[in-house]
2 protein chains.
Amino acid sequence: MKQVAALAGVGTKTVSRVVNDEPNVAPGTAQRVWDAVRALDYHVDLQAGSLRRTDGRTRTLGLLISSVDNPFAGAIHRAVEDAATERGVAVFASSLDDDADREERAVTAFLQRRVDGLILTTAGRRQNYVALLQDRGIPVVYVDREPADTEADSVTSDNRAAARAGTEWLISHGHRRIALLADRREIPTAAERERGFLDATRDAGIPSAQTPVVAGLRDAEAAHQALRALLESDQPPTAVLSAQNLITIGAIHALRDAALEHSVALVGFDDVPLADLLDPGITVIAQDPQEIGRIAVERIFDRLEGDASPPHHHIVPTSFIPRGSGEIPPPSRLPDTSNA
Amino acid sequence: MKQVAALAGVGTKTVSRVVNDEPNVAPGTAQRVWDAVRALDYHVDLQAGSLRRTDGRTRTLGLLISSVDNPFAGAIHRAVEDAATERGVAVFASSLDDDADREERAVTAFLQRRVDGLILTTAGRRQNYVALLQDRGIPVVYVDREPADTEADSVTSDNRAAARAGTEWLISHGHRRIALLADRREIPTAAERERGFLDATRDAGIPSAQTPVVAGLRDAEAAHQALRALLESDQPPTAVLSAQNLITIGAIHALRDAALEHSVALVGFDDVPLADLLDPGITVIAQDPQEIGRIAVERIFDRLEGDASPPHHHIVPTSFIPRGSGEIPPPSRLPDTSNA
DNA sequence: ATGAAAGCGCTAACAG
DNA sequence: CTGTTAGCGCTTTCAT
């Protein structure tokens, strides 16, 4: 910057004014400065600036999502990026992998880089650092998962109601023997979805012996094995609710292996790429990750602009997309003998 | 940091030494400093540090990919993140959308934040800023697309050879009427893939009238429409090579609409999620995005450590995955009458 | 083994 | 409209 000032024949403060679009610079002077900027290919150092700036902002956001490689998380990331870029803010993204250690390391990394705000998916435990962050004026918004007991904003789907509706859909198609394939219960989202499933089966008066719940599934392969075991059991389910996109994929594999994809109904939580092109098409409860990301960024910026209202827990509607797999009726014979 | 020093009863330099794991601190002193750090929940300001540090490093990387929402790019991103995090480096990711303006804005944003290195996918034009970056000691590695004329490292697939092999696969299954659905030609990768396609058809002595090339397809919908038109023409192709993942998805839609998915062969460039679960399974030329990302980061760090060897253009092998769609033979009747 | 002083690139506050 | 001075939080250098 000193070099630019020297070349343009002005003081550094004038250069600062010009590159930051501050008022009170004569057009001719500004022109000379811009010429010098271009001649030297100068770019302001935002970090040095933030050191001195009154608000201390780094124009940087931290985003912690399940994995930058996961389609659901990628959609959130994209929405966050778009809304942030629009305001001249850059985004650090980190993958969580449902690992509390990773979460802590990621938050530390964000803090050391003085991000202005944090959009987080948590590994599920109580987040004791959140209050500290907020004391320092760093707003935090939870996405996808709403932790039990924090004072932070959150943007989530209504997991319980949506899981309940998906289960009721299966029940209304005549199923009484429905399995739930779910993620680890420590993940609040997973727990909510299980509650929704249980709400529906209980209200329909279906004995829990007929509604096996397999939780703790961490990936597609685990879901694959779990459903295979269920299908080979004495009392195989006639319908399946899979509680998450990777689990849905595993479930599809299991049904295919057993050639049951047209016989056993499947409703999946989360939309899956190409779900409409499969045979049968996969009926899903689709979340709206774009909207989740968009709203999350908006909350961050509202907070940064001084909004001090109580934490807001935003619920983004889900949509139910019937595509075939969820509309398969149970076998007409007695359920007990349905082995193929 | 001053507060920590005060609380621990030491000078700021000692705190600096402790938090940076520098030698020459008495164990007892270090302990007192750590206690103070914890009591105050202190986190170093990496940015302020980089301002004064001799090497000027910010421990930050810029990554520009097609979109953080694209599965291929997401896989690269994940590999980059993992390798960077391991070294205490954080990653800024931006989506390109094949837009030269976005590219420029993203690079500017990276520069203003003083990233240590850049991993870039380009929108295709000559990148005149690369030399400047390198002069400033900021290494640049291109991924996915190798620009025609730069002095930077690159990590790509052998697009031409892989497209050629995919085309030859179709030819060896008896096809003589093969369409190429491709992205915009300004994208070097797309141009390379087209060359590979033409290599194969030319060497097989197939007249170009029988190998229509539709380029300029920007998304799945455009590919869908393009293939629909081809299938409705007088001389529909008996096989299709789709040059990119979104185009493959559009092509599958078009084949489904026309109920031709079991009649017209399809080989896709890039693997597609669930490709193995479709009917028929989609035969693809799969790139290795994890490996591309991993190698790219490695090049960046090698350069940062002083490696000044000539630019290296790394080629990552592709793999060919036959799943059914690429093994469909042409209709046995005369090609001219094959309308269904 | 420790600390004091200087200065990284920038912007705030004020003076002209 | 423009420039000067000070200082953000840290690391360097050099002294102790």
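All values derive from a computational prediction rather than experimental measurement.
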For [X] and [N], what is the distance between atoms [atom1] and [atom2] respectively, to the nearest whole Å?
{"X": "A/Arg57", "N": "C/dA12", "atom1": "CZ", "atom2": "P", "value": "13 Å"}
{"X": "A/Arg17", "N": "C/dT11", "atom1": "CZ", "atom2": "C1'", "value": "10 Å"}
{"X": "A/Lys2", "N": "D/dG3", "atom1": "NZ", "atom2": "P", "value": "16 Å"}
{"X": "B/Arg59", "N": "D/dC10", "atom1": "CZ", "atom2": "C1'", "value": "15 Å"}
{"X": "B/Gln31", "N": "C/dA1", "atom1": "CD", "atom2": "C1'", "value": "17 Å"}
{"X": "B/Leu46", "N": "C/dG9", "atom1": "CG", "atom2": "P", "value": "18 Å"}
{"X": "B/Gln112", "N": "C/dG9", "atom1": "CD", "atom2": "P", "value": "16 Å"}
{"X": "B/Leu111", "N": "C/dG9", "atom1": "CG", "atom2": "P", "value": "15 Å"}

For the pair A/Arg136 and B/Asp41, find out whether any cationic side-chain nitrogen is under 4.0 Å from an anionic carboxylate oxygen.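 Yes, this pair counts.
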How about A/Ser95 and B/Glu81: does a side-chain donor come under 3.5 Å of a side-chain acceptor?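 Yes, a side-chain donor-acceptor pair sits under 3.5 Å.
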Which nucleotide sits closest to the side chain of [X]: [options]?
{"X": "B/Lys13", "options": "D/dC10, D/dT12, C/dA1", "answer": "D/dT12"}
{"X": "B/Asp45", "options": "D/dC10, C/dT2, D/dG3", "answer": "D/dC10"}
{"X": "A/Leu51", "options": "C/dT2, D/dC8, C/dC10", "answer": "D/dC8"}
{"X": "A/Arg52", "options": "D/dT11, D/dC8, C/dT2", "answer": "D/dC8"}

Indicate whether OP1 or OP2 belonging to [N] is found under 4.0 Å from a side-chain N or O atom of [X].
{"X": "A/Thr14", "N": "D/dG3", "result": "yes"}
{"X": "A/Thr29", "N": "D/dT2", "result": "yes"}
{"X": "B/Ser16", "N": "D/dC10", "result": "no"}

Checking B/Asp69 now: which residues fulfil side chain to side chain donor-acceptor pair (under 3.5 Å) with it, not counting sequence neighbours?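 By the side chain to side chain donor-acceptor pair (under 3.5 Å) rule, B/Asp69 matches no residue at all.
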Indicate yes or no for a side-chain donor-acceptor contact from B/Asp99 to the backbone of B/Asp101 under 3.5 Å, with no hydrogens or angles considered.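 Present.
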With a 4.0 Å cut-off on heavy atoms, is B/Ser50 in touch with a base, just the backbone sugar-phosphate, or nothing at all?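 Nothing, no heavy atom under 4.0 Å.
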Please report the shortest heavy-atom distance between B/His313 and B/Ser154, naming the atom on each side.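 Closest approach of B/His313 to B/Ser154: ND1-OG, 2.8 Å.
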For DNA chain C, whose closest nucleotide is more 5', that of B/Asn24 or that of B/Arg53?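 Result of the comparison: B/Asn24.
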